[in-house]
Amino acid sequence: MLRWETIRKDTSYGIPPNLVDYDRERAGFSWSAARVKLQGLPDGRGLNIAHEAVDRHAASDRATAVALRCVGRDDAVTCVTYKDLALATARFANVLRALGIGRGDRVVTLLGRCPELYTTVLGTLKNTSVLCPLFAAFGPAPVAERLRLSDARLLVTTAELYRRKIAGQRGELPGLRHVLIVGEGTDQPAGTLSFRALMTEADDTFTIPPTAPYDMALLHFTSGTTGTPKGAVHVHEAAVAHYVTALYALDLHQDDVFWCTADPGWVTGMSYGIVAPLLHGVTVVVDEGDYDARRWYRILAGQRVSVWYTAPTALRMLMRTTPRTGPYDLPRSFDLSALRFIASVGEPLNPEAVVWGRDVLGLPVHDNWWQTETGAIMIANFAGCDIRPGSMGRPLPGVAAAVLRRGEDGRAAVVDGHVTVLEEPGAEGELALRPGWPSMFRGYLHDEERTAAAFADGWYLTGDLVRRDADGWYWFVGRADDVIKSAGHLIGPFEVESVLMEHPAVAEAGVIGRPDPVAGNIVKAFVALRPGFDATTTMRQDLLAFTRRRLGPAVAPREIAFDRHLPHTRSGKVMRRLLRARELGLPEGDISTLEKDTSEKDTRSQGKDTFHPERSPSSPERTEQSA
Ligand code: AMP
């Protein structure tokens with residue numbers, strides 16, 4: 001029985017949805033047929049994302065259409081047409097070439113949502129180099145780690161970010177040949193080049209070299225439960241999936257004004273903040289500012305946004321300022337009449353948020369599901385179909401999904417190389433996808449072992465637990481591993497634990513996600529101190545500040561509890577699962593692998609001391625958004 005009533009599809013659409021008959025569209029779909037939607041490089045020289053997203057339109061009657069509408073922090077709007085973008089990206093490709101950056105070389109961005117970011121991304125792709133975006137709110141530790149792991153050759157950033165996060169570690173990054181600084185004025189740190197000066201000197205014609213569909217195009221870091229971050233490799237052919245999924249799951253039509261609130265430092269902001277909408281030739285709204293409810297409504301209204309792709313945390317923050325049962329003053333004071341479709345991704349979308357959209361904004365929110373490795377939306381609620389609030393929807397045409405039986409470790413059970421597909425409605429298991437969609441990652445960079453572990457018996461294993469109902473709708477249950485989703489960001493507990501361990505007072509740490517009504521989860525660390533260090537408020541503040549400095553606000557723990565008796569497996573690993581169960585008052589499950597604690601055992605005297613969020617210097621509301 002569904003707790004929330006199905007929201008019937010809106011048949012009064014002014015614009016007919018791209019997908020009306022789900023079953024028919026799925027039955028008739030093939031990826032090879034979908035490829036013809038893209039043009040390909042002239043003279044059969046292959047497939048390049050930047051050609052499809054920019055040059056193709058610049059050479060058509062869309063040339064003078066606005067590609068990017070950048071809203072500055074001061075609300076000033078700068079428009080970039082497809083023609084402008086073609087010229088700027090050609091210049092940047094020439095800049096790279098002149099600096100000796102070529103095919104396959106990694107170009108990394110550490111930037112806010114400024115126009116130069118878009119030029120860099122698309123110019124890099126034109127040059128057949130590989131673009132790797134980093135989230136500007138990362139601290140120096142995650143930035144340096146990713147620069148190293150990606151084999152970064154060139155970095156584009158600002159003077160301020162460079163000084164704060166890179167300058168001190170530049171000597172440890174010998175492979176990083178060039179740093180380009182974006183920004184006005186004369187602030188040019190030593191050992192860097194001026195983005196603007198190089199662009200001014202560069203030629204604005206560039207012929208894209210032959211590009212094989214399987215050439216590496218994008219590198220996105222994602223987090224695992226242990227080990228270093230994983231660099232998921234994506235190829236130019238992914239554009240086929242970006243095009244198709246934006247057509248079906250975002251219902252893009254050419255005259256749309258589209259706003260994806262995700263930061264391009266993350267995969268959603270890249271695939272759907274840049275690539276997919278430009279493939280469709282629509283106008284993309286780029287907001288340089290940060291989340292603010294009034295600002296967001298102002299952008300939706302002022303820019304006449306018609307399709308809006310956002311995140312559950314952001315919606316929950318909006319819901320706080322505008323309850324469903326209230327007088328809706330805030331959104332009602334803005335003209336949202338251009339808005340015709342809302343979608344959300346990245347974390348579970350609670351049914352209340354779907355219904356809040358309908359009641360307060362006049363449109364229900366369409367949840368969809370995907371992840372860094374899938375490169376594009378895989379499961380969605382569609383504009384032309386009913387919505388089951390709380391469900392992620394159904395697999396896209398061309399996507400085959402299944403629910404697999406789990407083993408003792410919580411992941412899909414693989415017995416003699418085989419998995420078991422659970423057919424019965426409502427069965428819970430690990431979500432798996434049949435490889436073959438064009439945007440599937442082609443492996444984790446330099447990590448064959450973890451790449452191989454992501455596949456079994458012809459399936460890609462997502463690490464997510466789901467249920468599928470009798471009609472084929474998928475419902476998110478949770479993660480099958482320890483990674484944490486906080487405000488839409490995937491955080492690896494190991495990365496946080498490693499930085500905590502760098503602190504001289506910390507003997508050991510275990511990091512979990514603690515449920516939070518707005519951010520989904522917040523990062524909570526359990527810390528055992530070394531002898532001679534006391535579990536004081538000052539120590540806690542020191543650790544919070546230390547991790548925030550090293551990791552940045554999006555990744556650092558928001559709560560720290562001191563605990564001298566962290567639970568361990570017999571092999572000595574901190575049992576995060578148990579920490580989480582104890583934190584949430586859940587059954588502890590199988591603890592047969594738990595190491596016996598032989599020290600004094602009175603729980604109350606263990607020095608267990610949980611930090612209360614209300615005393616936290618940074619409440620979840622201040623969480624930096626992927627939104
Ligand atoms: P990322 O690779 O950082 O984009 O994170 C992907 C993960 O986010 C997925 O594996 C899920 O755990 C979670 N996720 C994405 N979309 C949804 C959704 N619609 N509902 C629930 N969880 C989601």
Side-chain angles (χ1 to χ4, degrees), residues 133-135 138 142 146 218-225 229-234 245 249-250 260-273 309-316 342-351 353-354 365-382 387-396 399 401 410-412 430-433 439-441 444 454 460-468 473-493 495 513 515 519-521 554-555 625-627:
L134 297 185
F135 188 39
F138 277 153
R146 286 159 177 78
L218 295 159
L219 181 67
H220 281 288
F221 279 98
T222 184
S223 296
T225 164
K230 302 181 280 188
V233 172
H234 289 280
T245 53
L250 300 179
C260 169
T261 58
D263 189 280
W266 301 90
V267 73
T268 303
M270 178 62 64
S271 293
Y272 294 98
Y309 195 26
T310 189
T313 296
L315 289 165
R316 289 190 288 264
I342 306 176
S344 144
V345 73
E347 356 151 25
L349 181 68
N350 38 322
V354 177
V365 182
H366 296 73
D367 188 19
N368 59 51
W369 178 96
W370 60 292
Q371 54 181 200
T372 304
E373 288 85 345
T374 70
I377 301 168
M378 297 284 106
I379 294 176
N381 288 280
F382 303 95
I387 297 175
R388 296 186 178 181
S391 164
M392 311 189 295
R394 289 174 288 178
L396 267 88
V399 174
R411 300 293 309 266
E430 180 167 352
L431 174 64
L433 302 167
S439 62
M440 190 183 81
F441 79 121
Y444 299 119
Y460 163 66
L461 312 176
T462 65
D464 278 0
L465 303 179
V466 297
R467 268 183 306 113
R468 190 188 53 231
W473 299 66
Y474 283 78
W475 302 73
F476 185 78
V477 173
R479 285 288 306 185
D481 56 22
D482 290 336
V483 295
I484 302 163
K485 257 285 156 127
S486 181
H489 304 139
L490 202 66
I491 296 169
E495 195 165 17
N521 291 282
V555 183
Q625 291 299 299
S626 67

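Each ligand, and each atom within it, is numbered from 1 in the order the structure gives. Note that these values count all heavy atoms, side chains included, but never hydrogens, waters or copies made by symmetry. Sequence positions, counted from 1, serve as the residue numbers for this chain.
Rounding to the nearest 0.5 Å places CZ of Arg394 at 13.0 Å from CZ of Arg468.
Between Asn368 and Phe382 there is no side-chain heavy-atom pair separated by less than 4.5 Å. A 4.5 Å side-chain heavy-atom check between Val483 and Thr222 finds every atom pair outside the cut-off. Side chains of Arg479 and Ile484 form no contact here, defined as non-hydrogen atoms less than 4.5 Å apart.
Under the 6.0 Å cut-off for aromatic ring centres, His489 and Phe135 qualify, their centroids lying closer than that. For Phe138 and Trp266, the ring centers are positioned less than 6.0 Å apart.
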Ligand 1 N/O to protein N/O, distances under 3.5 Å:
from	atom 1	to	atom 2	distance (Å)
ligand 1	2 (O)	Thr372	N	2.7
ligand 1	2 (O)	Thr372	OG1	2.5
ligand 1	5 (O)	Lys485	NZ	3.0
ligand 1	8 (O)	Gly346	O	3.3
ligand 1	8 (O)	Lys485	NZ	2.9
ligand 1	10 (O)	Gln371	NE2	2.7
ligand 1	10 (O)	Asp464	OD1	3.1
ligand 1	10 (O)	Asp464	OD2	2.9
ligand 1	10 (O)	Arg479	NH1	2.9
ligand 1	12 (O)	Asp464	OD1	2.9
ligand 1	12 (O)	Asp464	OD2	3.1
ligand 1	14 (N)	Gly346	O	3.4
ligand 1	16 (N)	Gly346	N	3.2
ligand 1	19 (N)	Asp367	OD1	2.9
ligand 1	19 (N)	Asp367	OD2	3.4
ligand 1	19 (N)	Asn368	O	2.7
ligand 1	20 (N)	Glu347	O	3.3

